[in-house]
Visitor: 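Attaching a single structure in structure tokens format; questions to follow.
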Amino acid sequence: MSEPRKSAIPLLASSANTIADADVLRFCDQKRKELKTGDRSGECLEILRQLSAYFALSQKDFRLPKQFTELLYGLLSEPEQGPPALRVLCFMILQELLPSEVLKIASFAPPVERAQIPHLLSLLVQQGNRPLLKETHRQQITKILATASDSDLHVAALTAAVALARRDPTTFTHDQAGAISAFLCVSLRSAALGVGAGALQEMDGRKARDFFTVLCLARTHTPEQMLNMQAFSALQCWLSSIATLPDEHYAAVLPTDFREAIIEYCLRLLDQGTTKLPEDKPLAAADRVLRHASLAEAVRILDLVCQRARDQVARVGPAIRRLLGRGGEVKASVHMAVLRFLVHNMDYAVLDLEQACANCFGGLLRDKFGDPLVAAATFTFALDNSTLLHRAGFFCKYFPNLLKIVAWSPRTFLSEALDLLPSLMHPTTAIELFHSLLDLPCLSIALEMSASGEMARIISSNSIASALFAYVLRDEGGLGGTIDRLSDLHTLLRPGADGLRARTTAELVPLLLHRFFDSLRECEHATVLGVFQAMLERIVKLFPVEPFAASIREVLAERVVSLFQGHPGLLYDSSKECLEFVTSLKHSGDGRAAFFSHVVWAIGEYTTPRMDHRCTTDHILPAHTTLEDLTFELNMSLQSATAPQDVCTAKLLCVLMAALAKLATACQDIAPRVRLCLTKIAKQYPTSPSLEPASRRVVVARAVSLCNILLHPEVAATVLAVPPILPDLHTSHASAHGLVRAADRLL
């Protein structure tokens, strides 16, 4: 055999993406003749190796010429076309090019060689273009299952049949689907223990009994046993593909004997998988993986069967119950499979859904929140069954553990958290959920401290640390709010705020808060009221880390306005809390000026019978007194050259004056006092050293305009009673301030 020549182009893996398409086409054209007439050995193999490497490593969407594609297909499918290595290389190249309109798989029948049929079946599945799937293909697949004696052919045909049916349940006729089911039924029951039985063992080391399953351990297996395992692996996909068939057709495709074979096999697996193992003979790692995977798969299969045969739920229920009793001995995949079974069959099964949820969302998540597989499976199940779990109250109870997943892997599960957050909203836990979102960076830090052992060291030297960590790391909701010692918690966790996980979580909290407030629109007034009062509490008790605190203050300032606009009664129902909040001017410091101004605006806007019929003079007078005192306090501070600029702003004073004027229109008894207050400001402000000249002019002009408007009650009632809008800068012409200026000029 001659040495292969170097190729015309260096099809090296490192440069696969830099090779021009024209060079590849030219290479194929040059080598087509050699492939067609050569000795199909060294030279041909080298050509195909280079092409296989190129197509496997190139990220380009490239199509071979039709003649070259047909040549490769001929080398693969026609008899006596070269050594097995050449056939395999042709197969590898063709599958990289699929789906393709050029490739036409004609038949699996002779003269196609038996060894190439699995390759052709694989290509047929990968084509993904159903119009190219002919009736001939379907007939030949079912014929192979019914008549072939080669287990390799059986496996290839079964894999193709299930994959095609899963893609399109109408791929096979009912008779053909029945033939596939019959083959699966025989495969589940035909693998004997007698062949090599001495080598087959149960999971606990005893001699295998009853009948063969995938959990019968051995060093080697017979072809029948391998086919049995393949049939079990295909069951879930096959049952899913026929799940939507009408009852009469479903019964034909899944006859009683096949259903019995499935149930018996799965119950046998559940028995094998829950057998107590000797302490001195632990399972190998691979066998442990096989055990849990088989248990989960068996439960999923039983779930599919019972959804169409409800009378079987009571039969399989005890075996499912035994799985629940295993607790932490089974993996998350098994827990999730059991949960799905209970959810789908809850009206028929005498099983404890609450216990299953406690196992999964409680103990399992508490210990395994950092396991990506557990986290992903939990979110998938929660999203798929969000309505039921919300209605049953499980999210209310276990949302703290779900938030642990987000706090530990913030970017990985952000999308899932945003999708699930509306389902976590509930009247009994909305306020607690709001507090938990604000403290999510604290949770990230606490989880890291717990994992590193630092938490135990801190608790040993800090008498209150244990209670604080217990709060932030709690497994269940139900507190209804937060704790009184938030400042102590923040101080305790502040050293960990610079960690990557905590910083990443902090960046994502605003997104979660926006989704929270979007969902709050659908809640009852009482829930919104509780959240608003929590906002008043927490705006001054945020985790003191920047830029986290600033971003949260910005979200709360934006959202508090929309809460008032959607629920005008909030002001009346929380008047005491609002007035207490604005009584202290320091609440407007540390970046809270926008939120503070919006609360002041709301007091003036909504403390009126026009917005809430419950508002009376007795309700308006305390609001006036509070805002008047605050205005004088702010005015006095502005006369000082050292007044803090983040508190004493012209905008806040303008909002206060407008709020007072609106209160005066709602209650004429206080109008004289409001005009007096505005007059004092107009006289004192021109000399205020704390403001720029432009700001002083705006404040004075606003005070004079409002004072003039209030001299004419009818005009004031009209001008100052415009529909409430966002308290934008006082220069906005679209706001009441613009109308005030216009009315002032007319008067």
Visitor: Quick test of your reading: applying side chain to side chain donor-acceptor pair (under 3.5 Å), list the pairs with at least one residue in residues 378-403, sequence neighbours left out, ordered by first then second residue.
Guide: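 Counting only pairs at least two positions apart or across chains, the side chain to side chain donor-acceptor pair (under 3.5 Å) contacts touching residues 378-403 are Arg340-Asp384, Asn401-Lys404.
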Visitor: Compare every heavy atom of Gly569 with every heavy atom of His525, then report the nearest pair and how far apart it is.
Guide: CE1-C, 3.8 Å
Visitor: Would a distance-only check, ignoring hydrogens and angles, find a side-chain to backbone donor-acceptor pair under 3.5 Å from Ser461 to Ile458?
Guide: yes
Visitor: What is the distance from atom OG of Ser562 to atom CZ of Phe517, rounded to the nearest 0.5 Å?
Guide: 7.5 Å
Visitor: Just how far is it from atom CG of Leu627 to atom CG of Leu634, taken to the nearest 0.5 Å?
Guide: 11.5 Å
Visitor: Answer yes or no: is there a donor N or O on one side and an acceptor on the other, between the side chain of Arg515 and the main chain of Leu418, under 3.5 Å?
Guide: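 Answer holds: yes.
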Visitor: For Glu580, does the CD atom have more than 12 heavy-atom neighbours from other residues, nucleotides or ligands under 6.0 Å away?
Guide: yes
Visitor: Could you work out, with side chain to side chain contact (heavy atoms under 4.5 Å, CB included) as the rule, every residue matching Ser452, not counting sequence neighbours?
Guide: Glu454
Visitor: Could you tell me whether Glu554 atom CD has more than 12 heavy atoms of other residues or ligands within 6.0 Å of it?
Guide: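 Open.
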Visitor: Quick one, Leu710 and Leu678 - any side-chain contact, counting heavy atoms below 4.5 Å?
Guide: yes
Visitor: Any ion pair linking Arg485 and Asp488 (charged N to carboxylate O, less than 4.0 Å)?
Guide: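 Salt bridge: yes.
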Visitor: Could you check if a side-chain atom of Ile603 sits within less than 4.5 angstrom of a side-chain atom of Thr626, using non-hydrogen atoms only?
Guide: no
Visitor: Please report the shortest heavy-atom distance between Val509 and Pro441, naming the atom on each side.
Guide: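 Here Val509 and Pro441 meet closest at CG2-CD, 3.9 Å.
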Visitor: Of the non-hydrogen atoms in Arg538 and Leu438, which two are nearest, and what is the gap between them?
Guide: CB-CD1, 3.6 Å
Visitor: Determine yes or no for a side-chain-to-main-chain donor-acceptor pair under 3.5 angstrom, with Arg474 supplying the side chain and Tyr471 the backbone.
Guide: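 Yes, Arg474 side chain to Tyr471 backbone: donor-acceptor pair under 3.5 Å.
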Visitor: Parallel under 30°, tilted from 30 to 60°, perpendicular over 60°: which one fits the rings of Phe564 and Tyr606?
Guide: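 Parallel, since the angle between the ring planes stays under 30°.
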Visitor: Determine the minimum heavy-atom distance between Arg494 and Pro544, stating which atoms define it.
Guide: NE-O, 3.8 Å
Visitor: Can a donor-acceptor pair be found, under 3.5 Å and without considering hydrogens, that links the side chain of Arg553 to the backbone of Asp590?
Guide: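 Indeed, once roles are kept as given, a pair shorter than 3.5 Å links the two residues.
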Visitor: Look only at the side chain of Arg673 and the backbone of Thr625, and say whether a donor-acceptor pair between them is shorter than 3.5 Å.
Guide: no
Visitor: So how far is it from Thr527 OG1 to Met425 CE, rounded to the nearest 0.5 Å?
Guide: 7.5 Å
Visitor: Between Arg503 and Phe548, does the side-chain contact (heavy atoms from CB on, under 4.5 Å) criterion hold? Intermediate values first, please.
Guide: CA-CA 8 Å; Arg503 286 188 285 111; Phe548 168 73; over 6 Å; no
Visitor: Could you check whether any side-chain N or O of Ser450 sits under 3.5 Å from a backbone N or O of Ala446, counting only pairs where one atom can act as donor and the other as acceptor?
Guide: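 A pair under 3.5 Å: no.
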Visitor: With no hydrogens and no angle check, is any side-chain donor or acceptor of His598 less than 3.5 Å from a backbone partner on Ala557?
Guide: yes
Visitor: Once you round to the nearest 0.5 Å, how far does CE of Met449 lie from CG of Leu492?
Guide: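 Going from CE on Met449 over to CG on Leu492, the span is 6.0 Å.
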Visitor: Side chains of His619 and Tyr572: closer than 4.5 Å at any heavy-atom pair?
Guide: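 Yes. Closest side-chain heavy atoms under 4.5 Å.
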Visitor: Once rounded to the nearest 0.5 Å, what's the spacing between atom CD of Gln533 and atom NZ of Lys576?
Guide: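 If we round to the nearest 0.5 Å, Gln533:CD and Lys576:NZ are 10.5 Å apart.
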Visitor: Under 3.5 Å, side chain of Arg675 to main-chain N/O of Cys707, donor-acceptor pair present?
Guide: no
Visitor: Closest heavy-atom contact between Thr429 and Cys396?
Guide: CG2-O, 3.5 Å
Visitor: Could you walk me through whether Leu653 and Thr631 pass the side-chain contact (heavy atoms from CB on, under 4.5 Å) test, one step at a time?
Guide: CA-CA 7 Å; Leu653 189 56; Thr631 303; 3.8 Å; yes
Visitor: Taking C-beta and beyond as the side chain, do Phe469 and Asn462 meet within less than 4.5 Å on heavy atoms?
Guide: no
Visitor: Side chains of Val374 and Phe369: does their closest heavy-atom pair fall under 4.5 Å?
Guide: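 Val374 does not reach Phe369 side chain to side chain.
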Visitor: Are the side chains of Thr608 and Cys615 in contact, using a 4.5 Å heavy-atom criterion?
Guide: no
Visitor: Hey, is Arg614 close enough to Asp573 for a salt bridge, meaning N to O under 4.0 Å?
Guide: yes
Visitor: Measuring only between side-chain heavy atoms, which start at C-beta, is Cys360 closer than 4.5 Å to Met336?
Guide: yes
Visitor: Tell me, do Leu529 and His567 make a side-chain contact under 4.5 Å, heavy atoms counted?
Guide: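 Side chain of Leu529 against side chain of His567, heavy atoms only: no contact under 4.5 Å found.
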Visitor: Between Ser705 and Arg702 (side chain of the first, backbone of the second, donor and acceptor by atom type, cut-off under 3.5 Å), is there such a pair?
Guide: no
Visitor: Using side chain to side chain contact (heavy atoms under 4.5 Å, CB included) as the criterion, list what pairs up with Leu383, not counting sequence neighbours.
Guide: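 Leu383: side chain to side chain contact (heavy atoms under 4.5 Å, CB included) contacts with Glu416, Asp419, Leu420.
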Visitor: Do you know which of Leu493, Leu468, Leu486 makes side-chain contact (heavy atoms from CB on, under 4.5 Å) with Cys442?
Guide: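 Exactly one pass, corresponding to Leu493.
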Visitor: Would the Phe413 and Phe379 ring centres measure less than 6.0 Å apart?
Guide: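 Yes, the ring centres sit under 6.0 Å apart.
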Visitor: For side-chain contact (heavy atoms from CB on, under 4.5 Å), just list the numbers for Leu421 and Phe516, CA-CA rounded to whole Å, side-chain angles, deciding distance to a tenth of an Å, and then say yes or no.
Guide: CA-CA 7 Å; Leu421 193 57; Phe516 173 88; 4.1 Å; yes
Visitor: Check step by step if side-chain contact (heavy atoms from CB on, under 4.5 Å) holds for Thr583 and Leu630.
Guide: CA-CA 6 Å; Thr583 296; Leu630 181 63; over 6 Å; no
Visitor: So Phe596 and Phe581, would you call those rings parallel, tilted or perpendicular, with 30° and 60° as cut-offs?
Guide: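 It falls in the tilted class, 30° to 60°.
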Visitor: Working to the nearest 0.5 angstrom, can you tell me the gap between Phe434 CZ and Leu520 CG?
Guide: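 Rounded to the nearest 0.5 Å, the CZ-CG separation comes to 9.5 Å.
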Visitor: List the atom of Ala664, the atom of Val674, and the distance in Å for their closest heavy-atom pair.
Guide: CB-CG2, 3.9 Å
Visitor: Between the side chains of Arg366 and Glu476, is the shortest nitrogen-to-carboxylate-oxygen separation below 4.0 Å, so that they form an ion pair?
Guide: no
